[in-house]
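Both backbone and side-chain heavy atoms feed into the values below; hydrogens, waters and symmetry mates do not. Reminder, nothing fancy here: chain letters follow the sequence lines and each chain counts from 1.
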2 protein chains.
Amino acid sequence: MLVTRLAAATTASALAQRLREAIDAGQWRPGELLRQEQIAAEYGVSRIPVREALAQLQNEGLLDVAHYRGARVSRPRAEEIDELFDLRLMVEGDLLVRALRQHDPRSLRELKRLQDALEDAEDRLGWISGDIAFHEALYGPAGRPRSLALFRQLRAPIDRFSVQALGPGTRKQGWADEHRQLIAAVAAGDAITARTILEDHLQATRAVVLAACAEQGES
Amino acid sequence: MLVTRLAAATTASALAQRLREAIDAGQWRPGELLRQEQIAAEYGVSRIPVREALAQLQNEGLLDVAHYRGARVSRPRAEEIDELFDLRLMVEGDLLVRALRQHDPRSLRELKRLQDALEDAEDRLGWISGDIAFHEALYGPAGRPRSLALFRQLRAPIDRFSVQALGPGTRKQGWADEHRQLIAAVAAGDAITARTILEDHLQATRAVVLAACAEQGES
DNA sequence: CATAGGATAATTGTATCCAAAATTTTCCCG
DNA sequence: CGGGAAAATTTTGGATACAATTATCCTATG
């Protein structure tokens, strides 16, 4: 994957990015307390950018922050995850149909390229960021910036569990197949089929994520 | 309205609230630059809570913040407002239908009470906060916290223009009528009618907001 | 022995101060 | 007189220092 991660403009945003990855990677478990001082020392910065990063992650739904009481990795309940998937079905379904009309040979080539890169990714984090890139390229031609931002926002609290569920010998092959079917349907301009495939894709993901969430909830 | 605004736990959140109201009230115009030092002096605090409040408002989509270049009141383009209303139609439509099944005499009484309070509100800001309260009570019984949060988020960048469009002798009466029709349809358990009324309500609001936005865009 | 109360420590929120970047002004040269 | 480079000013981002709040632990008491 040749995506060069451009240097963050500010310390706070760079921190937010690294903390996001750390949470996705399971470095902090749900319910665990993130101490400002500790994070500041670990990354060699002061507490000010740490606070801004934590506020950012709270806004994304990855943390629960209470006044004077610290930030904890959020532990979404099964009903909330279910709800997030219902919202994704609405938003992404709409985006897909709108984007489908705007796709052209160039954007389709890009989509295939991203899918190839995705299947070559070796580690779990690479897989997830590749999946995000694929879907953004899929929905991008719709020209709907707020919906696209919403798509990212609805995924953020969920991806953590997807990463967990991506052990070796899991649903990886079916996932890739569904992506390729999506590309084919979009190339054919078949909105109904494309939307059906996407919905099945999301329903399958929902089941996997709910299972991973339930598993983690036991600890 | 007997809602006592509880004192904010922290300076930053109190500031965010006041700035939000100031922007909704048109105290700052779209594109205008918000200086940290000036706001800090105005409210008698240091720049740290100001920065956190500005970051919060940026997350809510009311401000555009550029690195080392200050925060400006966002000036959403017409297409983005259009997009936000499309999203509201999806999310609020879904919420309404789900809530409709859960409403009971008690929640309906509360809804009527809020509508009465709304019609008694004298100033524009009171009208808007009353409208938010009404819709939250309308959707609340659905038991969908993330969707409700999304509802608030989708309104935030728009309400500013609604306030503008609420001069005397405007659509206020039609607005109230639609609310009462909504209550009646929900009380009757008629999902189809309720959803239709809500969609008309939102479409009418969309037109008003787009007009206000276009008017402001000229300056 | 369990528990309420209070001192103490740990942690967060805010103010003050310094560094980096951007904007404005000034000044020189064409 | 106009244009552009460079210095000065302004403004933001980050570090250090202090105050406010919460959590912990110890003791005294029923």
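- Here Gln36(A) pairs with Arg47(A) under the side-chain hydrogen bond (donor to acceptor under 3.5 Å, both in side chains) rule; sequence neighbours left out.
- Interface residues of residues 52-61 of chain A facing DNA chain C, ordered by number: none; criterion, heavy-atom separation under 4.0 Å.
- Using modelled atom types, one finds a donor on one side chain and an acceptor on the other under 3.5 Å when comparing Gln56(A) with Glu60(A).
- Evaluation of the salt bridge (charged side-chain N to carboxylate O under 4.0 Å, His left out) test over residues 134-157 of chain B, restricted to residues two or more places apart or in two chains, returns Glu80(A)-Arg146(B), Asp86(A)-Arg144(B), Asp131(B)-Arg155(B), Glu136(B)-Arg152(B), Arg155(B)-Asp159(B).
- Applying the ring-ring contact (aromatic ring centres under 6.0 Å, His included) rule to Phe85(A) yields no partners; only residues at least two apart in sequence or on another chain are considered.
- When the C1' atom of dT16(D) is taken as reference, atom CD of Glu37(A) falls 11 Å away, rounded to whole Å.
- The distance between atom CZ of Arg35(A) and atom C1' of dG13(C), rounded to the nearest whole Å, is 14 Å.
- Residue Thr11(A) places none of its side-chain N or O atoms closer than 4.0 Å to OP1 or OP2 of dG13(D).
- In summary, the side chains of Glu199(B) and Gln203(B) do not present any donor paired with an acceptor at a separation below 3.5 Å, with no hydrogens or angles considered.
- Following rounding to the nearest Å, Ile48(A) (CD1) and dC18(C) (P) show an atom-to-atom distance of 16 Å.
- In terms of modelled atom types and a separation under 3.5 Å, the side chain of His67(A) and the main chain of Ala9(B) share no donor-acceptor contact.
- OP1 or OP2 of dT14(C) lies within a sub-4.0 Å distance of a side-chain N or O belonging to Thr10(B).
- Under the 3.5 Å distance criterion, with hydrogens and angles disregarded, a donor-acceptor pair is assigned to the side chains of Gln153(B) and Gln153(A).
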Base, backbone or nothing for each nucleotide of nucleotides 18-23 of chain D, written B, S, -, heavy atoms under 4.0 angstrom, 5' to 3'? --BSSS
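- Each of dT11(D), dG13(C), dA15(C) was ranked by its minimum atom distance to the side chain of Arg51(A); first place goes to dG13(C).
- Counting non-hydrogen atoms of other residues, nucleotides and ligands closer than 6.0 Å to CZ of Arg18(A) gives a total of 12 or fewer.
- Taking only side-chain nitrogens and oxygens, Gln36(A) never comes nearer than 4.0 Å to OP1 or OP2 of dA10(C).
- Scored by the side-chain hydrogen bond (donor to acceptor under 3.5 Å, both in side chains) test, Asp94(A) finds Arg98(A) as partners (sequence neighbours excluded).
- Between Leu34(B) and Gly44(A), the residue whose closest nucleotide on DNA chain D is further toward the 5' end is Leu34(B).
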